[in-house]
Amino acid sequence: NKFKEGLTKTRDSFIGKVEDLMLRHKKIDEEFYEELEEILIAADVGVHTVLELIDELRDEVKTKKLTDAVELKPILSEKIVDLLKDDKQSNKLNIESGRLNVILFVGVNGVGKTTTIGKLANKLKNEGNKVMLAAGDTFRAGAIEQLEVWGERVGVDVVKHQAGSDPAAVIYDAIQSAKSKDVDVLICDTAGRLHNKVNLMQELNKIFRVIQREVPNAPHEVLLVLDATTGQNALQQAKLFKETANISGIVLTKLDGTAKGGIVIAIRHELDVPVKFVGLGEKIDDLQEFDPNQFVNAIFA
Ligand code: GDP
């Protein structure tokens with residue numbers, strides 16, 4: 001139900017308009033497809049994905065000999081669930097008991113990275129894990145303090161150095177501390193300096209090397225945080241980060257405040273990286289595991 005509440009704006013702009021078109025237009029003709037295309041693109045579903053969806057709808061209309069536009073609603077919802085599902089890639093976090101799990105967070109400033117780390121730390125702690133945070137964003141003013149506030153709120157240790165220090169050194173120390181304290185999950189923050197791809201790559205590579213050297217098969221997750229309210233911009237960021245860091249999953253924040261929820265579909269389809277969590281508000285328990293059925297039910301209800 002959090003999904004339903006959080007996705008009100010997307011539902012209104014997306015399926016609200018689709019329904020309106022179906023009722024108004026009734027007939028399935030070229031004009032109908034064109035308007036449907038416009039609505040889906042405006043909802044940030046992404047041009048490639050929209051064209052593919054429409055092609056699939058055309059096929060269904062032909063084979064099932066449909067004439068009434070309203071009949072297309074369940075078919076559209078089914079197609080979107082299919083797009084969001086992937087049997088190969090799980091939406092679940094790759095966390096196992098009996099080992100130190102390392103989760104690396106990447107993403108540009110302001111997308112909700114720190115907040116998401118706090119929410120995830122809380123969730124994992126409530127599930128019985130011993131959690132630790134590493135303040136690897138030594139670049140942004142206030143990032144370390146902000147992470148400490150979350151650490152206190154959740155009740156987990158935060159390993160930090162001074163602002164401006166080497167993030168790889170912070171993460172190295174955090175790993176040693178996590179090992180000595182039998183931590184289950186170490187969540188590492190990093191700075192998101194996307195404006196300089198070479199810098200970002202060098203910085204991330206150094207962090208990767210430290211983690212890989214200190215913990216076998218780590219990082220177990222590299223989560224990219226994206227702000228849903230930025231729509232197609234989020235998709236562009238995701239493409240750049242995918243080239244730079246080996247991201248294993250996406251957290252899409254601020255879905256609550258936006259009508260651009262269709263971006264979930266574009267990201268899943270055009271990037272081939274699973275959306276693992278969505279942020280549906282600013283509060284500590286406003287982080288939800290992403291479930292394609294729940295998502296589609298929420299916007300089609
Ligand atoms: P960072 O710079 O990426 O670490 O971003 P922050 O974690 O500081 O978040 C930036 C702002 O976005 C803060 O005001 C957060 O409260 C807000 N925020 C983060 N996630 C969500 C979300 O899922 N929904 C809403 N509405 N706000 C969010």
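All ligand and atom numbering here is 1-based and tracks the order in the structure.
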Of all the non-hydrogen atoms in the protein, which one sits nearest to [atom], and at what distance?
| atom | result |
| --- | --- |
| atom 8 (O) of ligand 1 | Gln146 NE2, 2.8 Å |
| atom 26 (N) of ligand 1 | Asp256 OD2, 2.7 Å |
| atom 4 (O) of ligand 1 | Thr114 OG1, 2.5 Å |

Shortest reach to atom 22 (C) of ligand 1 by a heavy atom, considering only Gly6, Gly112, Gly118, Gly281: Gly281

Who's closest to atom 12 (O) of ligand 1 heavy-atom-wise, of Arg140, Lys113, Lys119, Lys254?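 Looking at heavy atoms only, Lys254 sits closest to atom 12 (O) of ligand 1.
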
Do [X] and [Y] have side-chain N/O donor and acceptor atoms under 3.5 Å apart?
| X | Y | answer |
| --- | --- | --- |
| Glu270 | Thr49 | yes |
| Gln294 | Gln288 | no |
| Thr63 | Arg58 | no |
| His220 | Glu96 | no |
| Gln232 | Asp44 | yes |

Applying a strict 4.0 Å limit to heavy atoms, is Gly110 in contact with ligand 1?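 Judged by the 4.0 Å heavy-atom criterion, Gly110 does count as contacting ligand 1.
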
Assess whether a salt bridge exists between Asp68 and Lys26, defined as any Lys/Arg side-chain N lying under 4.0 Å from an Asp/Glu carboxylate O. no

Below 4.0 angstrom, N of the basic side chain to O of the carboxylate: do Asp227 and Lys254 qualify? yes

With atoms numbered from 1 as shown, which atoms in ligand 1 lie under 4.0 angstrom from a non-hydrogen atom of [X]?
| X | answer |
| --- | --- |
| Gly279 | 23 (O) |
| Leu280 | 23 (O) |
| Asn109 | 2 (O) |

Hey, does [X] come in under 3.5 Å of ligand 1, counting only N/O atoms on both sides?
| X | value |
| --- | --- |
| Thr115 | yes |
| Glu282 | yes |
| Val111 | yes |
| Asp286 | no |

Taking only residues at least two apart or on different chains, which pairs with a member in residues 279-301 satisfy ring-ring contact (aromatic ring centres under 6.0 Å, His included)? Phe290-Phe295

Ile211 side chain reached by Ile175 side chain, heavy atoms, under 4.5 Å: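 Of all side-chain heavy-atom pairs linking Ile211 with Ile175, at least one is under 4.5 Å.
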
